[in-house]
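Below: one structure, written as structure tokens.
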Amino acid sequence: MLPPRMKMAITENPKKLANLIDLVNLPTPLRDFLGQSQISRLGCFMRVWSYIKTNNLQDPNNKNIVNCDEKLKSILLGKPQIELLELPVLIKLHFPKEPK
Amino acid sequence: MGKLPPSMRGAQFPVVVKSQQLPAAKPYYPAKIRNKLKPRITNCPPPPTPSIRFPSPHLSDAISIFNSLVSSNNSPPTLKFYNSILHSFSCIASPDDSISLMNHMFKAASSSSSFTPDRSTYHILLAHSASSLESIRHSLNLMISQGGFSPDKVTTDIAIRALCSSSSQLEEAVQLIKELSLKHSPPDSYTYNFLIKQLCRNRSLTTVHSFINDMKDAFGVKPDLVTYTILIDNVCNTKNLREATRLLGVLSDQGFKPDSYVYNTIMKGYCMLSQGSEVLKVYKKMEEEGVKPDIVTFNTLIYGLSKSGRVKYAKKFLAIMTEAGHFPDAVTYTSLMNGMCREGNALGALNLLVEMEQKGCTPNSCTYNTLLHGLCKARLLDKGIELFRVMKAGNMKLETGSYGTFLRALCRNGRVAEAYQVFDYAVESKSLTDISAYATLEATLKWLKKAKEQGLVV
């Protein structure tokens, strides 16, 4: 069962949640990175974040900063360094709003 | 700190919800009901002697397993043996297959030893034919025609409970209970109250009242004190205290004397509305009427007073309840801590944690969540992080509200990486669904970014 707040969120705003968990056809760079052609925004975030963790890409002096490797760069606008703060926003760029 | 986006504002004091359920959980089920439940369960027994797990729900597999079991056994199988096999099979198989298995047992047994299904055999079938009213009817007919047993109160109870396992079939349950009352015997108070509770939860008040009236007019089944407690609880949950007071009047008119369960329920209702003085009034009334308060009463009282900002008053009751022979438990202390955190006295709440542990009372996850929430609100992040470590070590779950507050506090202090770790923990420990954990994280980061751009957070 979903917790009550979740339920409220779903009934109040089904679209907001849908764009988190709906599967989306991916653009090529993301497809190469993830090795699959469809994923949800939530799943994508989890994969990228776990990629950062397994490859120890967080800056040892400031954990809030991620030093991108080549592979990560390719999906995050080619930035050499990103802040963890902007990670969700950068990932969201790959999941544009569908035209109504 | 910038303005909180509306998505976050909702996440306040989750603890409130939890701790009010705790004291309330007891009222509807007086111990007498539990005692009564036990003999019923033994009627359709959890497999006692041979506990067999059927690997597949297919009838043919089950029959071959059954045959091999019988042939490997030297002594003639007992009725218990048959029943437990039937029970294990019907747990996973369809009602029709279960009936077929019973028929097979019947045939197979008649040659070597006798297997005459008794009442409990049919009860097993009945308990597992939950899928529809028809299958219940079918099992009932089988019981009457093949077994020659007429349905008694226990049968009614099992059938109704089986039907009520999904809330979509309550109308069928009402229909069945009326039918059985007409043909055989009216339900006992346990079945009756069970159904009323289900109706209260899932249907409108009008449905409940028309059911009560129908039962009273047609079969003379009248609501008892437990019924009224359920009804009062239901209206209290919808914050309709006026109706609750009216019901209290009706109850007295019917010649019932309200017991501590009734009073506890009404007290809970006032707690939900944060009306501390009314809560106190209920307590005084109990004293006047000579109803002895129990631990739930005290917990509710302390919870209500803390919630409405009268922590000092609430603390006095700690001593009073100990005098009355009830020792404060985790719920009591958590309610108090909740009140103290609301006043902004998070350090005092932390001291209370020490005190409670000294007195040998173990805090639960709700206690820690309350404290975490309070500490973060009071900007004592370091203490909050320390507390979170303890929670992590104890594998305790985070609640939505304290999770959100903690994340915001971390982000506000520029500790985004740690916020990510908390997110990981929330997902790992399955405290929240991935979706809500992520949604909160995303919203928090978005808010932080905005605040940074406006120069509100460094």
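Order of the sequence lines sets the chain letters (A, B, ...), proteins ahead of strands, with each chain counted from 1.
Around atom NZ of A:Lys73, more than 12 heavy atoms belonging to other residues, nucleotides or ligands sit under 6.0 Å away.
Aromatic ring pairs are classed by plane angle as parallel below 30°, tilted from 30° to 60° and perpendicular above 60°; the pair A:Phe45 and B:Phe423 is perpendicular.
A pairwise comparison of heavy atoms in B:Leu445 and A:Leu84 identifies CD1-O, 4.2 Å as the closest pair. Considering every non-hydrogen atom in both B:Lys449 and A:Leu85, the closest pair reads N-CD1, 4.2 Å.
By a heavy-atom distance cut of under 4.5 Å, A:Met46, A:Trp49, A:Lys53, A:Gln58, A:Lys63, A:Asn64 are the residues of residues 46-68 of chain A near chain B, going up by number.
Note that CZ of A:Arg41 is 4.5 Å distant from CD of B:Glu442, once rounded to the nearest 0.5 Å.
Contacts between B:Leu432 and chain A at a heavy-atom distance below 4.5 Å are absent for every atom of the residue.
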